[in-house]
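Okay, structure first, notes after.
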Amino acid sequence: MSDAFSRRVFVVVRRIPPGRVATYGLVAVLVGRPLAARAVGNVMRHCEDDGVPCHRVIHATGRPAFPRHATRLRREGVRFSDARVDLTRHLWRPRLP
DNA sequence: CGTGTGACCTAAG
DNA sequence: ACTTAGGCCACAC
């Protein structure tokens with residue numbers, strides 16, 4: 001998909017550094033649609049992982065969408081406490097331009 | 001143009 | 001700490 005919204009979502013997700021994560025809601029904020037968290041999820045659903053680190057976008061509870069994402073995150077040094085990411089430690093806090 | 005759906009979020013109980 | 005209910009947005013039909 002290459003509509004405007006999806007592109008902006010992917011641009012943001014590509015900027016998430018290794019070892020950090022963003023929630024769907026945070027991505028929504030960063031693309032300028034603070035209430036479009038669900039739509040972000042829809043975009044990620046069709047993500048074919050072409051250079052986009054979709055495993056770094058997780059649920060607000062700290063649970064990745066799929067277990068395989070958790071293993072990739074662990075490989076990047078992300079710490080889990082009981083199957084959820086320690087958000088206080090790993091939530092991405094981008095520098096605002 | 002109306003409806004249903006989804007890798008969501010938050011507040012409340 | 002779970003579960004619900006309500007809300008919001010983009011997209012496919």
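Reminder, nothing fancy here: chain letters follow the sequence lines and each chain counts from 1.
Residues passing the ring pair (Phe, Tyr, Trp, His ring centres under 6.0 Å) test with A:His69 are A:Phe66, sequence neighbours excluded. Looking at residues two or more places apart in sequence or on another chain, you find no side-chain hydrogen bond (donor to acceptor under 3.5 Å, both in side chains) involving A:His90. For the side-chain contact (heavy atoms from CB on, under 4.5 Å) test, residues two or more places apart in sequence or in another chain that qualify with A:Phe80 are A:Pro64, A:Ala70, A:Leu73, A:Arg74, A:Val78, A:Val85. Legend: residues meeting side-chain contact (heavy atoms from CB on, under 4.5 Å) with A:Arg63, ordered by chain and number and at least two apart, are A:Thr61, A:Ala83, A:Arg84. Residues meeting the salt bridge (Lys or Arg N to Asp or Glu O under 4.0 Å) test with A:Arg89, sequence neighbours left out: A:Asp86. Looking at residues two or more places apart in sequence or on another chain, you find no salt bridge (Lys or Arg N to Asp or Glu O under 4.0 Å) involving A:Arg79. Applying the side-chain contact (heavy atoms from CB on, under 4.5 Å) rule to A:Ala22 yields the partners A:Ile16, A:Leu26, A:Val27, A:Trp92; only residues at least two apart in sequence or on another chain are considered.
For the contact set between residues 28-36 of chain A and DNA chain C, defined by any heavy atom under 4.0 Å, the members are A:Arg33, A:Leu35, A:Ala36. Looking at residues 64-85 of chain A, you'll see A:Ala65, A:Phe66, A:His69 sit with a heavy atom under 4.0 Å from some atom of DNA chain B.
Closest approach of A:Gly25 and A:Ala37 over heavy atoms only: CA-CB, 3.8 Å. Considering every non-hydrogen atom in both A:Met44 and A:Val13, the closest pair reads SD-CG2, 4.2 Å. Contact detail for A:Ala60 and A:Leu87: the closest heavy-atom pair is O-CD1, 3.3 Å.
Atom C1' of nucleotide C:dA10 and atom CG of A:Asp3 are separated by 8 Å, given to the nearest angstrom. Rounded to whole angstrom, the span from the CG atom of A:Leu26 across to the P atom of C:dC9 amounts to 18 Å. Look at CZ on A:Arg63: it is 13 Å from P on B:dC8, rounded to the nearest Å. Put simply, CZ on A:Arg8 is 10 Å from P on C:dA10, counting in whole angstrom units. To the nearest angstrom, P of B:dC9 lies 11 Å from CG of A:Leu91. The distance from atom CG of A:Leu87 to atom C1' of B:dC9 is 13 Å, rounded to the nearest whole Å.
Among residues at least two apart or in separate chains, there is no side chain to side chain donor-acceptor pair (under 3.5 Å) pair with a member in residues 17-36 of chain A.
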Might you list the N or O atoms of the protein lying below 3.5 Å from N or O atoms in nucleotides 2-6 of chain B, with each pair's distance?
{"unit_1": "B:dG6", "atom_1": "N7", "unit_2": "A:Arg38", "atom_2": "NE", "d": "3.4"}
{"unit_1": "B:dG6", "atom_1": "N7", "unit_2": "A:Arg38", "atom_2": "NH2", "d": "2.7"}
{"unit_1": "B:dG6", "atom_1": "N2", "unit_2": "A:Asn42", "atom_2": "ND2", "d": "2.4"}
{"unit_1": "B:dG6", "atom_1": "N3", "unit_2": "A:Asn42", "atom_2": "ND2", "d": "2.6"}

